[in-house]
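No hydrogens, no waters, no symmetry mates; every other heavy atom, side chains included, goes into these values. First the proteins, then the strands, lettered A, B, ... as listed; each starts at 1.
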12 protein chains.
Amino acid sequence: MKSILVLQGPNLNLVGQREPSVYGRESLTDWMTAQLPRWAREGAEVHIIQSNHEGELIDALHAHGFKADGIVFNPGGFTHTSVALRDAVAAIDAPVIEVHLTNIYAREPFRQHSMISGVCAAVISGLGFAGYEAAVQYVLHH
Amino acid sequence: MKSILVLQGPNLNLVGQREPSVYGRESLTDWMTAQLPRWAREGAEVHIIQSNHEGELIDALHAHGFKADGIVFNPGGFTHTSVALRDAVAAIDAPVIEVHLTNIYAREPFRQHSMISGVCAAVISGLGFAGYEAAVQYVLHH
Amino acid sequence: MKSILVLQGPNLNLVGQREPSVYGRESLTDWMTAQLPRWAREGAEVHIIQSNHEGELIDALHAHGFKADGIVFNPGGFTHTSVALRDAVAAIDAPVIEVHLTNIYAREPFRQHSMISGVCAAVISGLGFAGYEAAVQYVLHH
Amino acid sequence: MKSILVLQGPNLNLVGQREPSVYGRESLTDWMTAQLPRWAREGAEVHIIQSNHEGELIDALHAHGFKADGIVFNPGGFTHTSVALRDAVAAIDAPVIEVHLTNIYAREPFRQHSMISGVCAAVISGLGFAGYEAAVQYVLHH
Amino acid sequence: MKSILVLQGPNLNLVGQREPSVYGRESLTDWMTAQLPRWAREGAEVHIIQSNHEGELIDALHAHGFKADGIVFNPGGFTHTSVALRDAVAAIDAPVIEVHLTNIYAREPFRQHSMISGVCAAVISGLGFAGYEAAVQYVLHH
Amino acid sequence: MKSILVLQGPNLNLVGQREPSVYGRESLTDWMTAQLPRWAREGAEVHIIQSNHEGELIDALHAHGFKADGIVFNPGGFTHTSVALRDAVAAIDAPVIEVHLTNIYAREPFRQHSMISGVCAAVISGLGFAGYEAAVQYVLHH
Amino acid sequence: MKSILVLQGPNLNLVGQREPSVYGRESLTDWMTAQLPRWAREGAEVHIIQSNHEGELIDALHAHGFKADGIVFNPGGFTHTSVALRDAVAAIDAPVIEVHLTNIYAREPFRQHSMISGVCAAVISGLGFAGYEAAVQYVLHH
Amino acid sequence: MKSILVLQGPNLNLVGQREPSVYGRESLTDWMTAQLPRWAREGAEVHIIQSNHEGELIDALHAHGFKADGIVFNPGGFTHTSVALRDAVAAIDAPVIEVHLTNIYAREPFRQHSMISGVCAAVISGLGFAGYEAAVQYVLHH
Amino acid sequence: MKSILVLQGPNLNLVGQREPSVYGRESLTDWMTAQLPRWAREGAEVHIIQSNHEGELIDALHAHGFKADGIVFNPGGFTHTSVALRDAVAAIDAPVIEVHLTNIYAREPFRQHSMISGVCAAVISGLGFAGYEAAVQYVLHH
Amino acid sequence: MKSILVLQGPNLNLVGQREPSVYGRESLTDWMTAQLPRWAREGAEVHIIQSNHEGELIDALHAHGFKADGIVFNPGGFTHTSVALRDAVAAIDAPVIEVHLTNIYAREPFRQHSMISGVCAAVISGLGFAGYEAAVQYVLHH
Amino acid sequence: MKSILVLQGPNLNLVGQREPSVYGRESLTDWMTAQLPRWAREGAEVHIIQSNHEGELIDALHAHGFKADGIVFNPGGFTHTSVALRDAVAAIDAPVIEVHLTNIYAREPFRQHSMISGVCAAVISGLGFAGYEAAVQYVLHH
Amino acid sequence: MKSILVLQGPNLNLVGQREPSVYGRESLTDWMTAQLPRWAREGAEVHIIQSNHEGELIDALHAHGFKADGIVFNPGGFTHTSVALRDAVAAIDAPVIEVHLTNIYAREPFRQHSMISGVCAAVISGLGFAGYEAAVQYVLHH
C-alpha cells in the first residue's frame, strides 16, 4: 500500500463556490472524497489536508514528507512567492508533484512563475480535477 | 442595517505605540471602538478583526465575504506580496475597500505596489484614521 | 471659511459623455456644481478649474497653492508622467489630495504608477464622485 | 462628403526646414494644401491643424472627434509619452490613423514605442508624405 | 474512435540516445509505438509526427488541427521562442496539451518560460513518458 | 513594368478561416489574386509567395531581392524574433515594406516589437487588406 | 542579566536532519540548548522560539521586542519576501541581529536579497552555529 | 553683439520662493535682470523667457533657434520626459547649453536622466546661478 | 584523417555579395573550397554545408555530430535566438567551435548575446575568414 | 600558532576621521593594533595590510593566500564591482571572511550587492569593530 | 590665496593625441599649464595631478581633500564604475566639481551614468577645456 | 619583423597553479616563453607583460599602442567592468585581439559581457593556450 498526501493550499476550500466560470461548480473536496475508495483499491492510501495557513502547510510537509511515498501539492496563491514552502519541499524525502486546476501560464503574469516548481519532481497545470488523478497515478506507478 | 467588516493586518495592533512620527500616538483600536455607536446609529454594524496571521485574514475574508455588505481592509505588510489574500478578495462577494493610514506611494519603492488593489473596489491611502471613516461611509451609501 | 481648489486635468470635461461603461453617464461638472451650496454651508468655498493644458494646471497650482487651505487634484493622464506637475505640487504650501474616479491600480500597467503621489498628502482612487466628497471633507476637518 | 481632420503635433511646422537629410526639403504644409482640391473631388473635406501645445491637440480631438469620419494624427514627439493624448483618442468616436513620416522603429530606442498606437485603428510609419495619402484614402473607403 | 496527433519538436528523435542522465536511455519513439495497440483498444487513433523543422510542425498543426480531437505537443527547443507556433496553436480548433519530458521549470532560466503555454489547454512537465500517457488519457475522457 | 514580390509568412494561409473576429472571413489569397489584373494594368507585375518555413522566406528574399523593385512582406509570427530574416532583408537591394493586417501595437506585449522593422523602408499595421494595397502603390510610385 | 530572544523561522527545526551536505548533521536545537548554562554564566538569559508560522514570529517579536535587550533572528525562507516581518522588526525597540547558517550570498539569486536586513542592526551569514554565538556576544557587550 | 536666449521651464518662476533649503531665497529673475547691463557690456544681448507651458517653450526655441548665437536652457521638470523639446532642440541651428540650478544627478532617480542632454552641446548642473553665468560666457567666447 | 564539418547558417551564402563594407567582397564559399586540398594534406577531411533552414542545420548536426571529430559552426542570425540549435549542439558528441566573421560584440545589442556559446567548446569572433582557419587548426591539433 | 591576514580596502585608512556619524571617531588601525598582543596570546599571528590600490590587494591575496590559515577582508568600495578581487579570492587556498563595519544591506542600493561574497566562506556586516573580532575568532576555532 | 587641485583620471594624458575628432588636437596639459600664471594672479594656487591608477587618485583625494579649497575632478573612465572613488570624494572636506571634456550624456549608454556625481557639488560636461575654467572660477568665487 | 605585445591581466600569473580543473596545470608563462624563439623565426618580436594593476595595464597600452603592430590582450577580471581599459584600447593605434583561456560565454552571467570587446578587432574565447597562438598568427598575417 502506498501512502500519498494531497495537500491543498489557500482558498481551495472555495472551489465549486468561487469564480465558477474559472473553476467550475463542483466541490473539489467532494470529488476527491469520492475517489478515495477507488484509489484504495488501486493501492493508494490518500490523505487530504487543506489549509489557508502557510505554516500549517509547512508543518504538514514535515509531518508526511519523511514517510509518504509521494505528495500531490496545490500551493494555491503561495505558489508564486513562498520560499519557506520551497525550502520545506526541498527538505523532505517524498517526491512532490505540483498541481494546478487551471493553466497558470495562461493567466496574469504574476501567476506564471512558481517558486515551488524548481524543487518539485513534476508540474501539471490546467487538467482540472484530472490533474490530481494523473499525479496520484504517477506516484502509484513510479 | 448594513454589515461591515473592518479587517486589520499585521502590526496594526501596534499603532499608537509604534513609530509615532509616522503613525501618531493614538491607538487605532481605541479610536475605532469609539466610532462604533455612531456607525450603528448611521446604520452600520461594524465588526473589527485584527491578526498578524495571513491565514486568519483569509479565513476572516471567507467567513464574512459572502454575507457582509462591504469590507474595509488594511492588509499591512501583506499588501505588497500576498497572492493568497488577493485570491481571497477576488473569491468573495462583498466589495473590498483597501485602506492605508499613510500614503504608501510616498514611501519605499517596495511599498508602492499593492498586490491586492487590482481586485479591490477602491483604494484610500494617507488619510490616517479618516480613511476608515471614508471607507465606511462609502459602503453605507452605495 | 476654508478655501479649496478642485483641479481637474485633461479629458475630465468629457466625463458623463466618454466611456460610460467606465465612468458612468452623469457629468462630473454637473454633480460638482450641485454640491457647491452644501459645501459652502459646511464652510468650504470651492473653486473648480478644468484644463487640458499642463501649463494651465501648473499656473493654477501656483495661483492657489499659497492661499488655499487644500487642493483636490485629479491630474488625469498627466498623473503618470508629469515631473513638472510634481514639482509644482511640491513647491506650494497647500496640501494636495490626489483623486481618481476609477481604481487606477486595477487598470493598464502604465496607469498604476503616479508621478504625483509621492508629494501628495493622500490618494483616493476608485470611489467615483464620492472620492471628491471624501477629499473635500478631509480638507474641511484637518 | 466625408469630414477628415489631419492633426499635426509638435515641430511638424518645421518639416522642409529641419533636418532635411531625415525629412526632406519640401514643406509638409505646402504639399498637403496642394492636395486639398483633389481630396475634395474624391469626397473628403480635410481640415489641417498643427500645434506645438499638447493641450491644443487634446482640444482639437475633442472638438472634431465626435463629428469627423476619421482623424489622421501625427503626434510628433508626444507619441512616445502622452497618456493624456491616448485618453483623448480613446474617448472620441472617430477612428484615428497614426502616421509618422519616418520609420520610427528604425530610429532611437525611445522612439520605437508609441503610447498612442494601442488605441488607434492603424499605424503607418515611414511612407513620408504618402503616409498621409494612404490614411486619407483609408478613411475615404472604409 | 477519437483522433489524436502526437507532435514532437526538434531533437526529440534523439531521446534515448542524447543526454541519458537527463532523458534516460529508452527511445521515446519505441515506447510510443508500443502503446499504439493499447491506445487503439481504448478508443484513440494516435498519429505521431516528429520534425526538426518549425515549418513542418506548423504545417502539421494546420493539417490535423481542424479534424483531430486533441493534439499532444512537445515543441522541444521551439517552446521558448516561437510566436509562429503559438499562432498556429491559437488558429486551430483542436485543444492542445503541451508536454515536456523533464520539469522545465527546474532547468535554465531561458527554459522556464513557454511561448506556447498561453494558448494551450494544459501543460504537463516532468512526468517523463508518463506525461504523454496522461495527455492522451485527458483527450480520451474530455 | 515594375516587379513586386508579396511575401507572406506563417499562418497567413489561414486568413479567412482562422480567428474571424480578428482577421475577418475573406481569404487573403482570394482577395489578392483578384487584384492582380488591376495591378498589372497599373504597371506592377506582382508575385505572391506564402510559406510557413522561415528558411523558404529567406530563400525567397534572396531570389527576388536583387531584381524586384520592391517587396511587400508580412512576416507573421516571425516578425518578433527572427534575426535571420532581418539579416536577409538587410542584405538585399529591394526596399521592403512591412505589412500587418491588424494593429500589432494594440495586441499582446510580445507582438509590439518587430525585429524586422529596423531594416525596412516603412511599416503599415492595422489597415487590413488595404495595407497591401497601400504598400503596392508606394512601390509603384517611388 | 541581559534578556535575549533567539527567534528561528521556518524549517530550522529540521537542521541536522535536512540536507546535511548543506547544514551539517548536528541538531541546531541541541547545540543551542547546550550553550544555555554558559550564556547564563556570561550574563545572558536566552529564550529560544522556533515556528514555521509567520504570524507567530510576528507575535513573538511584539511580545519580546519591547523588553528584550537584543534579538537574534534567523527568518529562514521568510527572509526574502516578508514585509510584515520587516515592519515588526522596525516597530520594536530591541536591536535585531539577522543570522543565517549558510552564506546566503553564495546561493540562488532569490536568496541573495533579504527584505529584513534593511531594518536590522547587523547581519551574519555563513558562520554556521558560530553565527549565533557571535550575535549573542554582540548583544552581551554592546 | 551676440544674441543669447535664456529659456526657463516650469516652476522656475518660483525660485527664491519655493523650497529655499534647496534653491536659496534669492529670486532667479531678479538676479538675472541685474546681470543684463554687464552682459550687454561684454557683448551679449540676452533675452529671458520663462513659461510653464511646454508648447510655449517649443515655440520660443523655434522663434530664436535660427537667429540666436546660443541658447541657455533650463527645462525644469520637462527635462526628464519631453521628446518634443528634444526634437525642437535638435531641429534648430543655435547650440543649446542645458543648465540646472541643483546637481540633478544627486537627487531622485527619475531626475538623473535628461531626455534633452543628448542633443545639447553641454550640460551644467549644480552651480546654482553661476551655471547661467558659465553658460553665457561659453556662448560669448565660442 | 580527421573529419570536420563546417556548418554555415542563414545568409552566409551571400558573403562576398552582401554588405561588402562589413563582410568584404570575396565569396566565403570560394575561399573555403580553395583551402580543401591544403586541409586534406594537413589531415582534415572537411565537409561544408550551408543552409538558410534551421531544421536542416539541426539535421546536419545530428548526422555528423556522432562521427565527426569537430564541427566549425557559424549559426548566422540563428545565433541569438535558437534554443533548438543549442539543444542539438548539446546533444551531439563532437566538440563545436562557434565562428563569426565579424566581431559580434561590437555590433547591435541583440547580436551581442549568443544562445549557442554556452554549449560550445570555444568562440572565435571577428577574425574574418581566418576564424575558420583557426577553428580547423584547433580541431586538427586537439 | 595560526596565521591570519587582515586585509583592508580603499578609504579604510580614514576610519575615525571620515563620516563619524557613520563610522564613529575611533581609528580602526589603533583599535586593531591594540588587539595584536591579545590575539597573539590566543594563538593568532595577525598581519594587517591596508591599500587604496586594487592591484596591491590582489598581490596581497596571492602572497598570503597559500600560507595563511584565514583572511579577514574588508574590500571597501571594491566590494561591489571587482571581478578581479573575486577571482583572486577564488584562486587562493585560505578561507576568506568578508567584513563590513556598517550594515551594507541598509545603505544605498548599489552597496547592497557584493561581487566578492559568492566566493567567501562567510559575511559579517554591521557589527563595527566587533566584526573583525568575530572573524578572527572564527578562523581561530575552525 | 585659494588652493585648488585639478585631478585627471585615466587616459587624459592622451588628450590632444587621441581621437582628435572627439577631443581636439590641443594637449590638455599644455593648455592648463598656460593658465597657471593667470589663475595665480586671480588668487588660485592650482595643482595638477594625472594618473591612470585608481589607487593614486584615491591617495591624491586623501592628501588634498582636507586642505584644498576645492577639487576639480575629471575621473575619466572610472567615472562610471568606481565606488571607491565615490567613497573618497564623500570622505573629504573639499567640495568636488566633476568635469568632463565631452557631453557624456550624448555618448554610449554606459557613459551616461556617473557613480561619482551623487557626492559632488556640481557637474560640468561638454564645455571642453572651458569646463575646467568654469570649475576653477566657481571654487574661486564661492 | 612585427612587434607584438601580449598583455596579461589580473590573476593570470596563477595559471597552472589556480583552479587546475578549469585552467589546467601548465604555467601560461612557461608555455609562452617557450614559443618566443619560434615566433621570432616566424617574424614576430613578442613582449609579454603581466600585471594585477589596472593602471599598469593602461600604461602598457599607452606605451606600446602607438608602435606595436598588434596587441594580444587577456584582461582577466577587468574584462567585465573596466571603462578605463576600454578607453585605452580605443585610444591607441594598434589593433587589439581579446583572448580568454576559457569560454567566458559558458560561465557565470557576470562573465558573459565584456566591456572591452566593443573596441577590439576580434575576440577568441575558450581555445586555451591555442587562443594566444591564433591571435599572434592573425597579427603576423594581416
Side-chain angles (χ1 to χ4, degrees), chain A residues 5 7-11 13 47 49-68 70-71 73 75-96 98 104 108-121 123, chain G residues 7-29 49-61 73-86 88 98-102 104-105 107-117 125:
Chain A
L5 172 68
L7 189 58
Q8 301 277 75
N11 297 301
N13 54 318
H47 297 81
I49 296 176
Q50 192 274 332
S51 175
N52 296 326
H53 298 244
E54 188 182 13
E56 292 180 358
L57 297 171
I58 297 170
D59 289 345
L61 288 166
H62 289 186
H64 291 255
F66 297 98
K67 62 188 190 203
I71 295 179
F73 186 15
F78 296 147
T79 301
H80 315 292
T81 58
S82 179
V83 179
L85 280 169
R86 179 193 178 98
D87 285 350
V89 169
I92 60 180
D93 293 340
V96 175
E98 182 181 342
I104 60 173
E108 306 97 314
F110 65 82
R111 270 189 227 281
Q112 295 181 20
H113 175 259
S114 162
M115 181 55 83
I116 317 290
S117 297
V119 289
C120 288
V123 180
Chain G
L7 189 58
Q8 301 276 75
N11 297 302
L12 288 162
N13 52 318
L14 296 185
V15 169
Q17 171 172 6
R18 158 202 183 199
E19 300 185 63
S21 68
V22 182
Y23 295 101
R25 289 190 178 281
E26 191 181 359
S27 157
L28 182 49
T29 310
I49 296 176
Q50 191 275 332
S51 175
N52 296 326
H53 298 244
E54 188 182 15
E56 293 181 358
L57 297 172
I58 297 171
D59 289 345
L61 288 166
F73 186 17
N74 182 338
F78 296 146
T79 300
H80 315 292
T81 57
S82 178
V83 179
L85 279 170
R86 178 193 177 98
E98 182 182 343
V99 172
H100 300 281
L101 288 168
T102 56
I104 60 172
Y105 313 110
R107 300 184 63 186
E108 306 96 316
F110 66 82
R111 269 189 228 280
Q112 296 182 19
H113 174 259
S114 162
M115 183 54 83
I116 317 289
S117 296
S125 181

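Heavy atoms closer than 4.5 Å to chain A are found nowhere in E56(G), neither backbone nor side chain.
In plain terms, the two heavy atoms of D87(A) and G77(G) that are nearest each other are OD2-CA, 3.8 Å. Taking every heavy atom of both residues into account, N11(G) and A84(A) meet most closely at ND2-O, 3.0 Å.
The OG1 atom of T81(A) sits 12.0 Å away from the CZ atom of F110(G) when rounded to the nearest 0.5 Å. Rounding to the nearest 0.5 Å gives a distance of 6.5 Å between CZ of R111(G) and CZ of R86(A). Atoms CG and CD1, on N13(G) and I58(A) in that order, are 9.0 Å from each other to the nearest 0.5 Å.
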